[in-house]
Structures are given as C-alpha cells and as structure tokens.
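One structure, as structure tokens, below. Some questions next.
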Number of protein chains: 2
Amino acid sequence: MQSTAAEDYVKAIYHHTEWQPEPVTPSQLAARLGLANSTVTEMVKKLAAAGLVHHRPYGAIELTREGAALAVRQVRRHRVVETWLVERHGYDWDEVHDEAEILEHALSDRLLDSIAASLGDPVRDPHGDPIPARDGTVTRPDAVLLADAQLGHEGAVVRIADDDPAMLRFLAESGVALDAALAVLGQKPYSGSMQVRTATGTVDLGPDVAQSIWLTA
Amino acid sequence: MQSTAAEDYVKAIYHHTEWQPEPVTPSQLAARLGLANSTVTEMVKKLAAAGLVHHRPYGAIELTREGAALAVRQVRRHRVVETWLVERHGYDWDEVHDEAEILEHALSDRLLDSIAASLGDPVRDPHGDPIPARDGTVTRPDAVLLADAQLGHEGAVVRIADDDPAMLRFLAESGVALDAALAVLGQKPYSGSMQVRTATGTVDLGPDVAQSIWLTA
DNA sequence: GATGAGATTTCGGCATACCGAAATCATTGC
DNA sequence: GCAATGATTTCGGTATGCCGAAATCTCATC
Ligand SMILES: [Mn+2]
Ligand SMILES: [Mn+2]
Ligand SMILES: [Mn+2]
Ligand SMILES: [Mn+2]
C-alpha cells in the first residue's frame with residue numbers, strides 16, 4: 001500500500017491534527033479530499049489493514065507510527081515543491097497547491113532532496129507551514145491564531161492556511177503576507193470580524209480569515 | 001482519453017518510427033512497454049476509438065495527426081526532464097530514464113516550459129535525441145548509423161540509443177560520449193563487430209552497440 | 001430507557017488497466 | 001491450394017479506487 005491515493009489520505013489525516021489536535025471523522029476527510037463518505041470508509045479500512053491508521057468502526061481515525069511517518073514524508077514533498085515553484089518558477093502563493101498536489105507523488109527521494117538542497121533546505125513553505133526535515137523532524141513555530149489574539153496584540157504573520165486561493169489573493173492585496181507586521185485594533189463583538197492594522201493601512205477581517213492567520217506570540 | 005497509459009502508448013508508437021520508419025506491431029509495443037500482447041491489443045482499440053491511432057485488426061498501428069501531436073508533446077516532456085536531471089541535479093545519462101518516465105506525466109505545461117526556459121530551451125537531450133519545440137517542431141540532425149558507416153569514416157557522436165543503461169555506462173567508460181570524435185578502423189566480417197578509434201584508444205563494439213550509435217555524416 | 005437525527009458503514013456497481021488461456025487470423029512452406 | 005506456425009484478438013477474470021442508495025449504528029434528547 002503505497003499508492004498516490006494512500007499518500008493523499010494520510011496527508012489529509014495528518015493535516016487535520018497539525019494546528020489543532022482533534023481526531024478526524026470520515027466525513028471531514030471526505031470533504032477535504034472531495035470524495036464520497038462511503039469511499040473514505042472503504043479506503044480507511046484498507047489503510048488500517050496496511051498498518052497506516054488505527055480505526056475501529058464508528059471510531060476516530062488516527063495515524064499509526066508508520067502512517068505518521070508516511071504523512072510527514074509526504075508533507076515534506078508537498079511543501080518543498082510549493083516552495084520551489086514560488087522561488088524558482090515565478091508562481092504566486094495561491095497558484096502552487098494544485099501543481100504540488102500532483103508532483104508530490106512523482107518525485108523520487110533523490111530528486112526531491114536535490115531540489116530541497118538547491119533551495120538551501122528551506123524550513124517553511126510559501127504559506128509559513130513548516131517543512132519536515134529529511135529525517136522526519138518537524139519544528140513548528142510558536143504561534144497565536146489571529147481569532148484568539150488579545151486586543152492590542154502585535155505580531156508578525158507566521159502562517160496562513162493555504163486552503164483557499166481566493167482568500168490568499170485577497171490577503172496579498174490587503175498587505176497581509178508572510179512576516180508582515182500586524183496589530184489587532186479591535187473586535188466587533190457579534191460580527192466576529194476583527195480590525196487589523198497592516199503596514200499600509202487597516203483591514204476588517206471576517207471570522208473565517210481570522211481563523212486562518214497565525215501570528216508570533 | 002488522456003491517461004498516463006495513453007501518453008506512454010503514443011510515445012512508444014512514436015519511438016518506433018523516429019529513427020527508422022517501419023510500422024509497429026502489437027507485440028513490439030508490448031515488449032517495449034513491458035505488457036502482455038492482449039493488453040496492447042485492447043488498449044490500441046481504445047486509442048483508435050479516441051482518435052489517437054489508426055488500426056484495422058491485424059494491421060499496422062499508426063498515429064493519427066492528433067496522436068502524433070500528443071506523442072511529440074510527451075517526447076518533449078520526457079527529454080526536457082532528462083536534460084534537467086543531468087544538467088541541474090547531477091544525474092548520469094544512464095540514470096535519468098526511469099525518473100523521467102514518471103515525471104513526464106506529472107508536470108503542467110507551464111512548469112515544463114519554465115524548466116525548459118531555465119535550461120536555455122535545449123534542442124537535444126543527454127542522449128542526443130532531439131527535443132521538440134513548444135510548437136511541436138522537431139529538428140532531427142543528419143546522422144549515420146555506426147553499423148552502416150563506411151570503413152575509414154570519421155565523425156562525432158550525434159546520438160546514442162538510450163534503451164540500455166548498462167550499455168550507456170560501458171560506453172561512457174570507453175570514451176564514447178555525445179560529441180566524441182570516432183573513426184571506423186575496421187569491421188570483422190562474420191562477427192559483425194566494429195573496431196573504432198576514440199580520443200583515448202580503440203574499442204571493439206559488437207553489432208548491438210553499432211546499431212545504437214549515430215555519427216555525423 | 002426509548003426515539004430519532006445524523007453520521008457511518010455496507011452493498012452492488014462502474015471505469016480503467018492489466019493478465020493468461022483460448023480462439024482466430026495471415027502468411028509462409030510445401 | 002493447404003496446412004502449420006506464429007502473431008493477434010477475444011474472452012473471462014483481477015486489482016484499485018471511486019460512487020449512490022440502503023442499512024446500520026451512535027448519541028443526544030426526552
Ligand atoms: Mn496529492
Ligand atoms: Mn502550503
Ligand atoms: Mn511514462
Ligand atoms: Mn533520452
């Protein structure tokens with residue numbers, strides 16, 4: 001069991017617990033992978049048989065040690081490719097995901113490591129996500145979710161969730177980029193939206209966006 | 001019909017007529033692709049239904065205009081990738097084939113063209129095979145097969161068939177590389193092997209090898 | 001402790017791409 | 001002309017990964 005499908009499943013499972021640790025359900029996986037629930041149930045059964053996940057029927061889905069290792073390897077590949085596309089081929093940060101999603105399955109370890117080395121073995125991708133090292137080590141920066149930040153909090157952007165290309169384009173235009181300095185000016189109580197100061201002005205960010213940006217503590 | 005399987009089939013069909021024009025049979029395709037004859041028959045039927053090949057039962061297999069265009073595109077991708085691996089990632093010319101065979105299906109046109117541009121839009125791959133241009137134009141150099149060369153013929157190596165990695169390694173060690181100057185010293189009548197002078201000495205090359213090397217006229 | 005809503009799983013089915021064995025065809029030698 | 005040979009095709013079958021509909025389970029609520 002080492003198919004591209006298996007690689008994508010363990011990556012999706014890993015993704016779910018990367019920034020906030022909660023167990024994944026089949027329907028969440030199905031939504032993320034764009035598949036029917038029944039498909040996920042069946043595949044999870046196969047992954048369990050292959051020793052990549054723990055799963056009792058109706059229970060949570062969790063990676064085994066082996067599954068986590070495969071996921072980390074795959075996350076490394078994905079993020080190295082994204083970084084390479086931006087750094088060397090002029091892609092914008094909202095354009096890299098789909099290409100990386102395919103390429104991550106097609107590169108040998110040798111080639112991937114050569115690409116990573118040519119980039120100076122980067123430790124984070126264009127969205128601020130940590131790139132696992134060759135040996136599987138992951139160093140996650142301390143970060144505060146913008147939605148949870150205190151009023152008056154000032155910090156640099158450490159990470160932006162890369163799920164929504166349109167949001168990434170909007171943020172780039174609004175002066176919110178990796179390492180940009182932000183300050184939390186205010187929260188509108190019942191709207192859930194936040195007023196934020198950037199280098200160039202102030203923006204109102206809705207709750208979805210506030211759930212997608214992490215700042216230094 | 002645009003699967004990686006279809007891409008490999010049209011490429012294999014194209015390959016057969018690239019350096020000497022003879023029609024392909026299902027068994028030859030099966031041998032080259034490492035598949036059963038029956039598999040090839042079935043797939044050729046599907047390719048014909050998709051308009052990529054002409055084929056009457058028991059007849060020859062030929063690419064349609066559309067099939068040839070797909071094949072040329074695929075050949076370009078394969079050879080650009082091979083060149084990139086050698087030029088930028090330290091692969092030897094006998095190591096690139098398998099990696100390119102997979103990668104050729106996973107790169108977008110945008111990325112492939114960016115890679116080609118970063119290499120200066122090369123016109124030949126590490127084995128001397130012509131790299132089709134973005135628009136499908138192919139420029140094949142004039143060349144004489146070593147096996148057909150006159151006694152006393154002198155020329156530079158223009159192309160070496162890349163099918164056999166072991167042979168490529170042997171040739172590299174024998175001083176036969178792209179652009180190396182060779183002279184045909186003699187032919188041993190009934191053995192079919194040829195005596196050839198390289199920059200560093202003389203070598204005896206068997207009939208298989210003599211069928212794999214092309215020289216300037 | 002029963003009930004019902006919502007999630008999960010099971011089940012029958014489909015598409016692609018492969019295989020080996022059996023049937024069929026084309027051609028060559030007689 | 002006819003048979004035998006070797007290539008080609010047909011046929012039944014497999015593996016993977018997907019789907020929708022139906023059955024089943026869990027858990028919160030009463
Ligand atoms: Mn993927
Ligand atoms: Mn990313
Ligand atoms: Mn291929
Ligand atoms: Mn080549």
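Just so we're on the same page: letters track the sequence lines, and every chain starts at 1.
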Let me know the distance between NE2 of A:H105 and P of D:dG17, rounded to the nearest Å.
->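 About 12 Å, once rounded to whole Å.
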Nucleotide nearest B:M43 (side chain, heavy atoms from C-beta), chosen from C:dA17, D:dT10, D:dG20 |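 The nucleotide sitting nearest to the side chain is C:dA17.
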If you check every side-chain atom of B:P26, which of D:dC25, D:dG17, D:dT9 has the closest atom?
->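 The answer is D:dT9.
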Hey, does the side-chain of B:S38 have a donor or acceptor N/O within less than 3.5 Å of a partner on the base of C:dG20?
->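 Flag set: donor-acceptor pair detected.
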Of all the choices, D:dT10, C:dT9, C:dC25, which nucleotide is nearest to the side chain of B:K45 once you look at every atom?
->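 Within the option list, the nearest is D:dT10.
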Any donor and acceptor pair, going by atom type alone, linking the side chain of B:D92 with main-chain N or O of B:D94 inside 3.5 Å?
->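 The answer is no, because no donor-acceptor pair under 3.5 Å joins these two groups.
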A:E7 side-chain N/O to A:Q74 backbone N/O, donor-acceptor pair under 3.5 Å =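 Such a contact is absent between A:E7 side chain and A:Q74 backbone.
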What is the distance, rounded to the nearest whole Å, between atom CG of B:L33 and atom P of C:dA17?
->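 Computing the B:L33:CG to C:dA17:P distance gives 13 Å.
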What's the NE2-P distance between A:H55 and C:dA7, to the nearest Å?
->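 About 16 Å, once rounded to whole Å.
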For atom CG of B:L47 and atom C1' of C:dT16, their distance in whole Å =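 In whole Å, C:dT16 C1' and B:L47 CG are 13 Å from each other.
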A:A36 side-chain proximity, nearest of D:dC19, C:dA17, C:dT8 =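 Nearest to the side-chain atoms of A:A36, counting from C-beta on, is D:dC19.
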Atom CG of A:L29 to atom P of C:dT9: distance rounded to whole Å?
->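 Interatomic distance, CG of A:L29 to P of C:dT9: 11 Å.
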Can you tell me if the side-chain N/O atoms of B:Y9 get under 4.0 Å from OP1 or OP2 in C:dT16?
->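 It does not, given that no N or O in the side chain of B:Y9 lies less than 4.0 Å from OP1 or OP2 of C:dT16.
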What is the distance, rounded to the nearest whole Å, between atom CG of B:N37 and atom P of D:dC11?
->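 One finds 17 Å between P of D:dC11 and CG of B:N37, rounded.
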Heavy atoms under 4.0 Å, any strand shown: does B:T41 hit a base, just sugar-phosphate, or nothing?
->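 Counting heavy atoms under 4.0 Å across all strands, the contact made by B:T41 includes a base.
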Counting only side-chain N and O atoms of B:T39, is one of them less than 4.0 Å from OP1 or OP2 of C:dC19?
->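 Indeed, a polar side-chain atom of B:T39 lies that close.
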Please answer whether the main-chain N or O of B:P130 pairs with a side-chain N or O of B:R79 as donor and acceptor at a distance below 3.5 Å.
->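 Such a contact is found between B:R79 side chain and B:P130 backbone.
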For B:Q28 and D:dG6, give me the distance from atom CD to atom P, rounded to whole Å.
->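 Result: 17 Å.
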Interatomic distance, A:L35 CG vs D:dC19 C1' [rounded to whole Å] |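 Rounded to whole Å, this separation is 10 Å.
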Roughly how far, to the nearest 0.5 Å, is OG1 of B:T4 from NZ of B:K11?
->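 Spacing of NZ (B:K11) from OG1 (B:T4) equals 10.5 Å.
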Which sits closer to the 5' end of DNA chain D, A:E42 or A:Y58, going by the nucleotide each is nearest to?
->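 On the 5' side of the pair lies A:E42.
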So which nucleotide from D:dG17, D:dT26, D:dC18 ends up closest to the side chain of A:K46?
->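 So the nucleotide nearest the side chain must be D:dG17.
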Lys/Arg-Asp/Glu bridge criterion (N-O < 4.0 Å) met for B:R110, A:E95 |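 Salt bridge between B:R110 and A:E95, a charged N being under 4.0 Å from a carboxylate O: yes.
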